[in-house]
Student: 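My questions will all concern the structure given below.
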Amino acid sequence: MRGIGLLAVLVMLTACGTAPAATASLTRYQADATVLSNPQHGPQLCAFVAQSLPPQCDGPDIIGWDWNGVQHSAQNGVRWGEYHVVGTWDGKSLTLAEPPRSARRHSDAPRDRSRFTTPCPKPVRGWRPVDPAKATDRAMEAALARAQKLPGYAGSWLDQSYLEEIDGYDPKDRRYVERY
């Protein structure tokens, strides 16, 4: 499974609905996330963080970032840190609307799992595939690839926490994973 760094980006950039393009740039988004730059790219809001040293990541560019204004780690030309960022989204990059500040540490965060669930309201019929035959890894990859090509695409949120509600579900058994 990919890094938890994606969760912060998705909570910030993913909406349960969509805003018209004309008003999207006026909306402020915020997140606690890793910001990283390296010799290949400037500051980016990390969608995925490789837990190497120095870390590596990929995500949208951040406009208006100044490493001189924040405490950060640095190694081999890579700069990174955990920050609370607030900005506007143009479909490709986040433009800072406020100076970044230190992110809330994980030890300060609530200890329950609720912060790792979807920000969207639960559907009337619950979180179940509409067509189980199309709820496959291959279909998911195709849907994500298609979504990434949409104008204004910012990120995707995949939440399978409903699986924990199924009696006898075993996430280590591939048969259960594919069935549900």
Side-chain angles (χ1 to χ4, degrees), residues 1-122 143-159 161:
M1 181 170 218
R2 295 193 178 190
I4 293 191
L6 170 65
L7 294 176
V9 172
L10 297 178
V11 168
M12 176 194 70
L13 298 177
T14 302
C16 299
T18 56
T23 61
S25 64
L26 302 177
T27 303
R28 286 186 177 206
Y29 297 92
Q30 60 182 322
D32 287 343
T34 299
V35 174
L36 182 145
S37 67
N38 64 31
Q40 289 75 40
H41 62 73
Q44 292 183 334
L45 189 61
C46 295
F48 302 101
V49 180
Q51 300 300 317
S52 55
L53 192 58
Q56 303 168 52
C57 88
D58 185 33
D61 291 337
I62 300 177
I63 309 301
W65 190 265
D66 180 7
W67 286 111
N68 293 322
V70 294
Q71 291 186 341
H72 60 277
S73 298
Q75 185 176 38
N76 299 333
V78 178
R79 296 182 196 188
W80 72 94
E82 296 287 325
Y83 306 99
H84 180 81
V85 295
V86 178
T88 57
W89 179 251
D90 66 6
K92 294 181 183 179
S93 58
L94 183 76
T95 299
L96 292 178
E98 298 177 9
R101 57 185 186 267
S102 295
R104 183 169 68 171
R105 297 176 312 196
H106 292 288
S107 60
D108 297 339
R111 299 243 185 243
D112 63 21
R113 293 191 59 196
S114 64
R115 66 188 184 104
F116 293 113
T117 59
T118 182
C120 301
K122 186 175 184 177
L144 290 174
R146 187 171 180 188
Q148 290 171 353
K149 294 176 184 175
L150 292 172
Y153 174 83
S156 301
W157 184 281
L158 301 174
D159 183 349
S161 60

Student: Which pairs, with at least one residue in residues 54-91 and sequence neighbours excluded, count as a disulfide bond (SG atoms under 2.5 Å apart)?
Tutor: Cys46-Cys57

Student: How would you list, by chain and number, every residue that makes a side chain to side chain donor-acceptor pair (under 3.5 Å) with Gln148, sequence neighbours excluded?
Tutor: none

Student: Mind checking side chain to side chain contact (heavy atoms under 4.5 Å, CB included) for Leu96 and listing every partner two or more places apart, or none if nothing turns up?
Tutor: Ile62, Trp65, Val85, Pro100

Student: Partners of Asp58 by side chain to side chain donor-acceptor pair (under 3.5 Å), sequence neighbours excluded?
Tutor: none

Student: Calculate, to the nearest 0.5 Å, the distance between atoms NZ and CG belonging to Lys149 and Leu144 respectively.
Tutor: 12.0 Å

Student: Evaluate Leu45 against Val35 for side chain to side chain contact (heavy atoms under 4.5 Å, CB included), listing each step before the verdict.
Tutor: CA-CA 5 Å; Leu45 189 61; Val35 174; 4.2 Å; yes

Student: Return the set of residues passing side chain to side chain contact (heavy atoms under 4.5 Å, CB included) with Ala74 (not counting sequence neighbours), or none when no residue passes.
Tutor: His72, Arg79

Student: Can you name the side chain to side chain contact (heavy atoms under 4.5 Å, CB included) partners of Pro54, sequence neighbours left out?
Tutor: Gln75, Asn76, Val78, Trp80

Student: Nearest heavy-atom pair of Gly42 and Ser37: which atoms, and what distance?
Tutor: C-CB, 3.4 Å

Student: Can you list everything that forms a ring pair (Phe, Tyr, Trp, His ring centres under 6.0 Å) with His84? Sequence neighbours excluded, please.
Tutor: none

Student: Please report the interatomic distance CD(Gln44) to CG(Asn38), rounded to the nearest 0.5 Å.
Tutor: 7.5 Å

Student: Starting at CG of Leu94, measure out to CD of Gln30 and round the result to the nearest 0.5 Å.
Tutor: 11.0 Å

Student: How close do Ser93 and Pro60 get, counting heavy atoms only, and between which atoms?
Tutor: CA-CB, 4.5 Å

Student: Apply side chain to side chain contact (heavy atoms under 4.5 Å, CB included) to residues Gln56 and Leu36 and explain how you reach the verdict.
Tutor: CA-CA 8 Å; Gln56 303 168 52; Leu36 182 145; 5.7 Å; no

